[in-house]
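First up is the structure itself, then whatever we jot down about it.
Chain naming here is simple, since letters A, B, ... match the order of the sequence lines and numbering starts at 1 in each. Quick note: numbers below take in every heavy atom, side chains included, and nothing from hydrogens, waters or symmetry partners.
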Number of protein chains: 2
Amino acid sequence: MKRRNTKNSQEVLEILQKEEAAVSHEKIMAQLEGVDRATIYRILNRFHEDGKVHKIVGDDGKQYFALCLNCGESKHVHNHFHFRCVQCNEVVCLDKEISLQMPEGYIAENFNGVISGVCKKCNS
Amino acid sequence: MKRRNTKNSQEVLEILQKEEAAVSHEKIMAQLEGVDRATIYRILNRFHEDGKVHKIVGDDGKQYFALCLNCGESKHVHNHFHFRCVQCNEVVCLDKEISLQMPEGYIAENFNGVISGVCKKCNS
DNA sequence: TCTTTAAATGCAACTATGTCGCAATAAATG
DNA sequence: CATTTATTGCGACATAGTTGCATTTAAAGA
Ligand SMILES: [Mn+2]
Ligand SMILES: [Mn+2]
Ligand SMILES: [Zn+2]
Ligand SMILES: [Zn+2]
């Protein structure tokens, strides 16, 4: 299925590029008035299918999306934690890559590590 | 707020004790026909407030509850990953405790690490 | 044991997040 | 410009979880 370059998907991409944190659907909605809810979800899911973004599920149960920066086309890993601030709701990457030994017979497909708490800004 | 020892909360506790995996609301519902949805949620949340159980949020966005075993009353840590099988939906603890250095100024309050994939049973 | 108190429950309504079907719109290609 | 089909808007739907309120019931006391 060939992708088309639409105003909406461009704008969502720009938002993702501008933000260095991982972005929620809600936050994108707020910056794109007039664009339908479902459309934004579809754009984000398309990006994810295409390997353009990571999808993180927070410990609030919500989805957050972040541009893939260090991911090659073939190997696509983001074994790092994210920090979610319970006050300002920012979700940032914690750079350190985690290597985790799986028990015999278990096949890991997705890594989803989230630490929540209070971020530097909100703390000080 | 003093807790009361009711048939329902006893039964939920028994289910949590019997299962070694982390349990979803859905799974408890299935084993306790006749008990209201909301009641089960409330019991689980009470257990969590009281520090009896861990609450894990899966990368499916759902909540899973597991009895606290190695948690003291005061120090209450469960810095370990959970593995969620995308086929059988079991959520098990991966024993190894993770120690993670927080960046300067960040206060960690909750650890939520989930690896999803295919478990040993479903794999073989 | 009877009475009192408030925690726990059932039920319905509600919120929130995300998905889907379908007709209308609009990129891309020639 | 005409054709094709990916994308969109809209409404409906699904699922997970929460909340208000009247009723029930565990627990403490008389
Ligand atoms: Mn990636
Ligand atoms: Mn614990
Ligand atoms: Zn913050
Ligand atoms: Zn399995």
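- Distance, B/R4 CZ to D/dT25 P: 12 Å, rounded to whole Å.
- The side chain of B/A38 has C/dC11 as its nearest neighbour among D/dA27, C/dC11, C/dA8.
- Not one side-chain nitrogen or oxygen of A/T39 sits closer than 4.0 Å to the OP1 or OP2 atom of D/dT7.
- Residue A/Q63 places its side chain closer to C/dG18 than to any other of C/dG18, C/dA8, D/dC10.
- Using the six-membered ring where Trp is involved, A/H54 and A/H80 have ring planes that are tilted, between 30° and 60° apart.
- Atom CD of A/E26 is surrounded by 12 or fewer heavy atoms from other residues, nucleotides or ligands within 6.0 Å.
- At C/dT19, one or more side-chain N or O atoms of A/N45 fall inside 4.0 Å of OP1 or OP2 (strictly under the cut-off).
- Toward the 5' end of DNA chain C, the nearer of the two residues A/R42 and A/E26, judged by each one's closest nucleotide, is A/E26.
- Separation of the B/Y41 and B/H25 ring centroids falls under the 6.0 Å cut-off.
- One atom, CD1 of B/I43, and another, P of D/dT25, lie 14 Å apart when rounded to the nearest Å.
- In the set D/dT7, D/dA16, C/dA8, the nucleotide with an atom closest to the side chain of B/Y41 is D/dA16.
- Considering only heavy atoms from C-beta on, B/L44 comes within 4.5 Å of B/I28 through its side chain.
- When the side-chain nitrogen and oxygen atoms of A/K62 are compared with OP1 and OP2 of C/dT17, one or more of them lie within a distance under 4.0 Å.
- Per the geometry, NZ belonging to B/K7 stands 14 Å off C1' belonging to D/dA26, to the nearest Å.
- Put simply, B/T6 has a side-chain N or O that comes within less than 4.0 Å of OP1 or OP2 on C/dT9.
- Nearest-nucleotide positions on DNA chain D for B/N5 and B/Y64 put B/Y64 closer to the 5' end.
- Rounding to whole angstrom units, CG of residue A/D36 and P of C/dA23 are separated by 17 Å.
- Protein atom CD of A/E11 is 12 Å distant from nucleotide atom P of C/dA27, rounded to whole Å.
- Between A/R37 and the phosphate of D/dC10, there is no side-chain N or O to OP1/OP2 separation shorter than 4.0 Å.
- B/H48 places its NE2 atom 15 Å from the C1' atom of D/dG17, with the value rounded to the nearest Å.
- In this structure, B/M29 places its CE atom 13 Å from C1' of C/dC11, rounding to the nearest Å.
- Heavy atoms from other residues, nucleotides or ligands lying under 6.0 Å from CD of B/E20 number 12 at most.
- Comparing atom distances between the B/V35 side chain and each of C/dG10, C/dT9, D/dG17 picks out C/dG10 as nearest.
- Under the 6.0 Å cut-off for aromatic ring centres, B/F81 and A/F81 qualify, their centroids lying closer than that.
- Regarding A/F65, its CZ atom lies at a distance of 11 Å from the C1' atom of C/dT17, rounded to whole Å.
- Between C/dA8, D/dT7, D/dG11, one nucleotide has an atom nearer to the side chain of A/R46 than all others, and that is D/dT7.
- Between B/N8 and C/dT9, a side-chain N or O to OP1/OP2 separation shorter than 4.0 Å is present.
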